[in-house]
Number of protein chains: 6
Amino acid sequence: MVRVDGRTPGQIRPVKITRHYNKYAEGSVLVEVGDTRVICTASVEDRVPPFRMDTGMGWLTAEYGMLPRSTGTRTPREAARGRAGGRTMEIQRLIGRSLRSVVDLAVLGERTVTLDCDVIQADGGTRTASITGAFVALVDALAHLVGEGLIPCLPVKDFVAATSVGRVNGEVVLDLCFAEDSAAEVDMNVVMTGRGRLVEVQGTGEEASFTREELDRMLDLAAEGIRLLVDYQKKVLGPELAAQIGGR
Amino acid sequence: MVRVDGRTPGQIRPVKITRHYNKYAEGSVLVEVGDTRVICTASVEDRVPPFRMDTGMGWLTAEYGMLPRSTGTRTPREAARGRAGGRTMEIQRLIGRSLRSVVDLAVLGERTVTLDCDVIQADGGTRTASITGAFVALVDALAHLVGEGLIPCLPVKDFVAATSVGRVNGEVVLDLCFAEDSAAEVDMNVVMTGRGRLVEVQGTGEEASFTREELDRMLDLAAEGIRLLVDYQKKVLGPELAAQIGGR
Amino acid sequence: MVRVDGRTPGQIRPVKITRHYNKYAEGSVLVEVGDTRVICTASVEDRVPPFRMDTGMGWLTAEYGMLPRSTGTRTPREAARGRAGGRTMEIQRLIGRSLRSVVDLAVLGERTVTLDCDVIQADGGTRTASITGAFVALVDALAHLVGEGLIPCLPVKDFVAATSVGRVNGEVVLDLCFAEDSAAEVDMNVVMTGRGRLVEVQGTGEEASFTREELDRMLDLAAEGIRLLVDYQKKVLGPELAAQIGGR
Amino acid sequence: MVRVDGRTPGQIRPVKITRHYNKYAEGSVLVEVGDTRVICTASVEDRVPPFRMDTGMGWLTAEYGMLPRSTGTRTPREAARGRAGGRTMEIQRLIGRSLRSVVDLAVLGERTVTLDCDVIQADGGTRTASITGAFVALVDALAHLVGEGLIPCLPVKDFVAATSVGRVNGEVVLDLCFAEDSAAEVDMNVVMTGRGRLVEVQGTGEEASFTREELDRMLDLAAEGIRLLVDYQKKVLGPELAAQIGGR
Amino acid sequence: MVRVDGRTPGQIRPVKITRHYNKYAEGSVLVEVGDTRVICTASVEDRVPPFRMDTGMGWLTAEYGMLPRSTGTRTPREAARGRAGGRTMEIQRLIGRSLRSVVDLAVLGERTVTLDCDVIQADGGTRTASITGAFVALVDALAHLVGEGLIPCLPVKDFVAATSVGRVNGEVVLDLCFAEDSAAEVDMNVVMTGRGRLVEVQGTGEEASFTREELDRMLDLAAEGIRLLVDYQKKVLGPELAAQIGGR
Amino acid sequence: MVRVDGRTPGQIRPVKITRHYNKYAEGSVLVEVGDTRVICTASVEDRVPPFRMDTGMGWLTAEYGMLPRSTGTRTPREAARGRAGGRTMEIQRLIGRSLRSVVDLAVLGERTVTLDCDVIQADGGTRTASITGAFVALVDALAHLVGEGLIPCLPVKDFVAATSVGRVNGEVVLDLCFAEDSAAEVDMNVVMTGRGRLVEVQGTGEEASFTREELDRMLDLAAEGIRLLVDYQKKVLGPELAAQIGGR
């Protein structure tokens with residue numbers, strides 16, 4: 001089988017992460033996965049939400065947005081509609097949980113890191129690209145805090161990256177572009193750490209279902225893709241920073 | 001290991017579904033899973049959302065709510081806050097997708113079935129109890145349409161039920177009550193059909209991660225639990241209705 | 001004249017109040033008046049709204065909601081519409097005022113009791129059933145505070161209950177069901193105490209008017225009905241609790 | 001007993017209605033009751049709400065607002081708060097019902113009359129002053145339709161006016177100003193027609209209750225006050241228009 | 001050229017400012033410019049917004065509203081629509097900036113003055129009439145603070161007034177009424193001080209443009225008009241108050 | 001005087017416009033003015049707002065947004081706050097009016113062009129950069145319609161561009177960066193066409209005022225700056241497209 005963009009079933013799209021994309025944010029990247037492009041900024045603020053006050057622990061949260069014309073036809077702006085929709089909320093909760101799973105919030109202290117993931121162009125996999133890119137922005141922001149002497153060491157326990165996998169026309173494929181995503185019978189997002197542990201598995205059969213064997217095949221492909229993404233994150237961050245992640 | 005309520009790791013809580021709980025709705029149940037209680041009503045309306053107009057096909061959607069004091073401490077009413085929160089939206093999207101996976105919307109015709117799942121008392125697993133109960137309310141509503149001669153046959157391709165599974169204190173357990181859910185390192189919701197096919201797998205490690213082996217063990221336990229739930233659905237619906245589901 | 005459900009003009013529908021309906025709330029009932037069913041919970045919180053702060057006095061407020069399919073055709077959820085409607089606000093203000101009229105808020109101390117009245121099934125008289133039921137939930141919640149040693153005595157000055165009365169096809173009738181309510185030329189809600197004093201009288205002629213004599217007849221019928229409701233509240237609460245109400 | 005502003009218990013405040021207060025509206029007045037001042041405009045539009053479409057009948061609705069500094073201390077603007085509050089909704093529903101009770105909506109045809117009652121200065125009784133004033137604006141708007149040949153006759157079945165009455169320091173008084181209203185144990189709004197029939201009776205004991213005898217006394221005083229208000233409405237409208245009201 | 005209401009191109013409409021229009025506000029006027037009528041109230045509160053706390057400086061802000069039938073056809077109420085529109089926000093920001101330009105907020109101390117400008121009848125130039133009228137209400141409110149001994153002197157550095165100017169059918173005219181405003185190719189609002197300094201110049205060519213020469217001509221006319229408006233403000237405030245403005 | 005970034009008072013910052021920045025939009029650019037970066041997309045839809053229906057004419061509107069971390073400290077997302085703020089509305093109205101001034105909406109036919117201007121990084125002058133960039137995106141979108149044979153010719157009457165000018169520390173300077181903007185006593189935005197006609201002049205003295213001479217000097221500087229911006233627009237669009245603008 002040849003895919004719409006010529007890839008093999010188990011092949012991910014070209015990935016590119018540009019660090020320091022924004023001159024204000026403590027950490028920021030432009031992440032590109034194929035034609036999907038997301039700006040991720042990590043902002044550090046010296047306050048925590050009420051449920052963390054006086055605990056000595058920090059918080060990490062994420063917000064997600066799409067520019068109106070990041071999509072094939074223009075999508076109305078959520079600010080104009082007066083509220084974030086269900087899909088947006090679902091995605092920003094997913095990004096936040098995924099990144100919290102590898103951060104030591106006790107070391108962070110009573111600070112909040114907000115990861116803003118804004119989609120400039122959407123061609124499938126915007127939520128997984130957001131996680132993969134936001135991780136790099138997060139490391140930069142935390143390294144900045146270390147550099148300022150505000151925290152003693154990089155509080156990052158492991159790498160984390162994400163990809164999508166699905167069943168399209170009966171075939172299991174990795175890293176779906178928009179055309180594939182629209183035609184998929186099963187759609188799964190997988191978030192894994194650098195050590196290969198699972199953080200999130202969200203498999204969905206919209207008007208369809210799937211077998212345990214298909215699930216297994218999808219998880220295998222996802223694990224391979226995420227391994228490549230973590231390798232790329234290491235390269236982009238450079239050996240010095242990478243060495244401090246999940247250290248002894 | 002003995003669980004907080006005396007169950008074994010692989011044991012589900014007592015389940016009870018009371019049909020015809022509401023005199024107005026086309027289908028309605030009170031579903032009880034342990035101390036979790038949810039009223040599910042299925043309402044049929046002769047209109048479809050814009051994206052289904054003039055397609056000849058129907059639609060099925062779900063809404064979810066919690067009474068303010070369904071929880072240990074009072075939760076503010078979403079109508080008072082002016083919008084449904086992210087968790088609510090995530091849950092009602094899950095319920096809708098799960099039930100759509102077993103319904104033939106072409107047979108339904110240009111009608112909308114709305115499943116309202118309102119939690120009267122919450123003790124863990126409200127979203128999975130909602131799916132299990134709403135399925136029965138849905139079958140009753142569709143049987144009502146058959147009875148009225150509005151559709152030719154019951155457009156239900158299979159049973160569908162759901163349960164939660166997770167890792168609590170390092171041990172994999174089935175059907176978490178609220179006390180377990182609060183302490184869980186990993187939390188997974190699984191939706192399966194009567195034939196044992198997967199519809200949704202949503203596994204989450206909040207500030208934790210899990211191995212592929214743990215995932216497998218959780219899926220095994222969930223499959224066993226859902227088998228029992230489907231058996232109970234069959235019993236509650238009675239042989240005549242059950243026989244029409246997924247028929248030839 | 002025989003009414004739609006066979007009652008005489010001055011006859012109320014069967015009433016049933018089930019106490020301790022919810023395992024979390026300090027007080028909770030399921031109240032049934034004919035086919036009208038409302039869950040009332042009383043939640044106690046250790047804070048007061050700004051206008052009561054540092055006054056040593058407590059506050060009591062009510063919220064009211066209807067499940068979407070509590071009605072003959074499905075009513076959109078207020079959380080989805082983004083705000084509580086005018087009718088809802090009017091009703092919750094009425095319930096709050098009615099219950100505050102018999103509670104000694106100075107004895108309550110700086111606490112807030114919130115009465116949530118959620119209509120499971122609506123067949124006329126939901127606001128008056130809410131008041132009658134919420135009173136019992138309130139007494140249970142306040143008795144709980146006495147039992148915990150948090151307040152010295154039950155701060156309830158009198159019983160309070162409510163019913164509707166109206167003019168249907170020119171005849172004055174008590175406790176209107178939905179079919180009667182829809183056809184009523186005049187609709188009145190009356191709230192009275194156990195000693196027979198009036199707390200609220202809300203008589204409305206929608207596209208109609210009424211004479212002073214009709215008003216008098218309606219008030220007489222309402223007083224009789226409320227007498228029966230208070231007798232039933234006493235029975236449900238039991239002699240021990242009932243004896244503490246209105247005692248000096 | 002002498003009241004705060006020197007009136008006797010049964011005395012209403014000076015009333016003044018200035019017609020044609022606004023050059024655009026089909027009917028408009030400035031109504032003054034003591035220091036309470038309300039601008040009432042009646043706007044006619046050639047459309048009806050969905051529930052009246054294709055019925056041949058019209059609709060009449062009311063909206064109510066207060067300028068931010070109509071009150072002793074500035075009240076935040078409801079547009080800034082993003083929604084109309086409960087009290088506002090309750091009042092606009094009351095004004096609408098009261099005026100609908102005397103209008104023949106079949107003669108009006110498929111048109112909507114909107115009565116906007118905007119309080120310029122509030123000194124008690126703003127909702128009853130709104131009803132009394134809006135009636136005059138409504139008659140002018142309907143007479144305008146007659147004058148344009150759009151409807152055959154003035155579709156007004158009777159006069160309608162309103163006043164408040166209450167118990168202050170144990171004494172029953174008519175037409176409460178703000179100082180009295182704040183101190184009232186019982187507060188009642190009464191709406192009556194020119195023929196002395198009741199349209200609305202809304203009596204409320206906030207943290208208090210009242211006897212049937214007190215209710216009777218309050219209704220007697222209100223009837224007297226409303227008689228004077230209707231006489232004034234007749235004078236303001238002039239004999240020609242007044243003669244067309246309630247005519248067969 | 002003769003204008004729609006008979007004025008010459010450089011002639012402003014009759015202006016009238018009635019002081020002390022509201023018995024509660026610290027300062028209040030009814031300002032009339034032709035048929036445009038606006039109630040302006042100045043309310044003083046003993047608190048400042050967060051960005052001014054602990055600075056010793058005060059704040060001045062403005063809000064603007066239109067009664068629904070202040071316009072030729074009824075405009076829906078912003079409270080009903082749930083938010084203030086873009087035009088409203090633009091206008092209230094303009095009014096606030098204009099008045100802040102002549103007030104010494106350090107002398108005001110940590111207080112907020114809110115100018116509410118509510119349009120009773122709109123016939124063009126409502127925002128400029130609001131500025132001209134609100135200035136007088138503001139002076140009265142600040143003089144009230146001086147009279148109460150709360151501030152040492154009138155913190156008003158200069159007079160400020162505003163008018164509109166535009167190009168209608170190719171001709172530059174002053175103080176546009178609604179009919180002219182609707183037909184204008186260019187519309188400009190000018191705010192100037194008593195000493196003839198500019199505070200705001202907002203010139204707009206909707207689907208048109210204008211030359212520098214036209215801009216100059218418009219500014220000349222506006223300066224003449226504002227000179228007359230300031231003269232009138234002086235007369236209305238009286239020599240004693242006027243003398244304290246912009247004093248040494 | 002040397003400015004914070006070394007420019008002379010009359011010098012604009014480096015400008016760069018990258019066309020075809022987005023693969024979906026009919027027209028799109030990334031515009032950079034110094035460190036200010038804005039993505040502008042032009043989306044064409046085959047419908048018009050109600051007030052243009054059945055007129056044969058098109059519409060052009062603009063929306064404006066800022067990514068949360070486009071600013072020095074993170075700005076909350078407007079979708080989270082539930083509404084667009086006053087500043088946002090003011091800016092999008094300005095952009096829309098400016099571009100409409102040079103488009104022949106009759107030639108466009110019943111289509112709507114929406115210009116989305118999303119600020120990626122804000123360093124002063126975001127609204128004027130939006131206008132300058134959006135013009136190029138607009139021309140590309142309209143040329144696309146010509147290319148598709150949907151409209152007969154490019155309906156663009158002239159170039160349009162914008163810049164800011166202001167008084168900082170008593171000196172008039174062109175194209176303010178954020179540091180200058182924050183310190184400016186007077187801030188003016190000027191929109192001009194390629195032929196040097198004015199479209200918008202918005203000069204504001206926040207807590208300050210300015211003379212007619214200063215206004216003249218600011219307009220002179222702005223005219224020079226806009227001349228350079230239009231030259232750059234011509235170069236970026238290329239001679240073929242540029243020749244079609246405003247030509248007959």
Side-chain angles (χ1 to χ4, degrees), chain C residues 57 60 63-64 81-94 96-106 157-158 160 167 185-216 218-220 222-223, chain D residues 57 60 63-64 81-94 96-106 157-158 160 167 185-216 218-220 222-223:
Chain C
M57 295 184 67
L60 183 157
E63 296 195 5
Y64 170 94
R81 290 181 33 222
R83 65 178 73 184
R87 179 184 169 274
T88 294
M89 290 201 187
E90 208 167 306
I91 292 175
Q92 53 202 21
R93 285 158 58 94
L94 170 67
R97 282 197 310 267
S98 298
L99 293 172
R100 278 197 298 274
S101 74
V102 294
V103 172
D104 186 336
L105 295 168
K157 296 181 282 187
D158 203 345
V160 72
R167 194 182 77 207
E185 299 109 27
V186 183
D187 178 29
M188 176 149 44
N189 293 296
V190 181
V191 184
M192 286 180 86
T193 68
R195 291 195 182 85
R197 294 177 66 90
L198 291 157
V199 174
E200 290 270 342
V201 175
Q202 297 201 339
T204 288
E206 172 79 36
E207 291 164 41
S209 55
F210 50 104
T211 62
R212 185 75 177 267
E213 290 66 42
E214 286 173 322
L215 175 67
D216 286 340
M218 289 192 281
L219 286 168
D220 290 343
Chain D
M57 294 184 68
L60 183 157
E63 296 195 5
Y64 171 93
R81 291 182 32 224
R83 64 177 73 186
R87 177 182 170 276
T88 294
M89 291 202 186
E90 209 167 306
I91 292 175
Q92 51 200 22
R93 287 157 58 93
L94 169 67
R97 283 197 310 267
S98 297
L99 294 172
R100 279 196 298 275
S101 73
V102 295
V103 172
D104 186 336
L105 296 167
K157 297 180 282 187
D158 203 344
V160 71
R167 195 183 74 209
E185 300 108 26
V186 183
D187 178 30
M188 176 149 42
N189 293 297
V190 181
V191 184
M192 288 180 85
T193 68
R195 291 196 182 84
R197 294 178 66 90
L198 291 156
V199 175
E200 290 272 342
V201 175
Q202 298 201 340
T204 288
E206 172 78 37
E207 289 162 45
S209 56
F210 50 104
T211 63
R212 185 72 176 272
E213 289 68 39
E214 288 174 319
L215 175 67
D216 285 341
M218 289 191 282
L219 288 168
D220 289 343

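Below, chain A is the first sequence line, B the second, and so on; all start at residue 1.
Note: C:Gly203 leads C:Gly196, C:Gly203, C:Gly205 in heavy-atom pairs under 4.5 Å with chain D. Heavy-atom pairs under 4.5 Å with chain C peak, among D:Leu198, D:Val160, D:Val186, at D:Leu198. For chain C, the option among D:Glu214, D:Glu200, D:Gln202, D:Met188 with the highest count of heavy-atom pairs below 4.5 Å is D:Glu200. Residue with the most contacts toward chain D among C:Leu99, C:Asn189, C:Thr193, C:Asp216: C:Asp216 (heavy-atom pairs, distance under 4.5 Å).
Tested against C:Ser209 for a side-chain contact (heavy atoms from CB on, under 4.5 Å), the candidates D:Arg197, D:Arg195, D:Lys157, D:Met192 yield a single pass: D:Arg197.
Side-chain contact between C:Arg87 and C:Tyr64 is present, with at least one heavy-atom pair separated by less than 4.5 Å. Side-chain contact between D:Val201 and C:Arg212: absent, with no pair of heavy atoms (C-beta onward) separated by less than 4.5 Å. Side-chain contact between D:Val199 and D:Arg97: absent, with no pair of heavy atoms (C-beta onward) separated by less than 4.5 Å.
Rounding to the nearest 0.5 angstrom, the gap separating the CD atom in C:Glu90 from the CE atom in D:Met89 is 10.5 Å. Annotation: the span from D:Arg93 atom CZ to D:Glu63 atom CD amounts to 13.5 Å, rounded to 0.5 Å.
D:Asp158 does not touch chain C: none of its heavy atoms, backbone or side chain, sits under 4.5 Å away. In this structure, the portion of D:Leu105 lying under 4.5 Å from any heavy atom of chain C is its side chain and not its backbone. The contact between D:Arg100 and chain C is made by backbone and side chain atoms together, counting heavy-atom distances below 4.5 Å. For a residue to count as touching a neighbouring chain, one of its non-hydrogen atoms must lie under 4.5 Å from one of that chain's; by this rule D:Asp187 does not touch chain C. Contact of C:Asp104 with chain D is not made at all, since no heavy-atom distance falls under 4.5 Å.
The heavy-atom pair separating C:Gly96 from C:Leu60 by the smallest distance is O-CD2, 3.9 Å.
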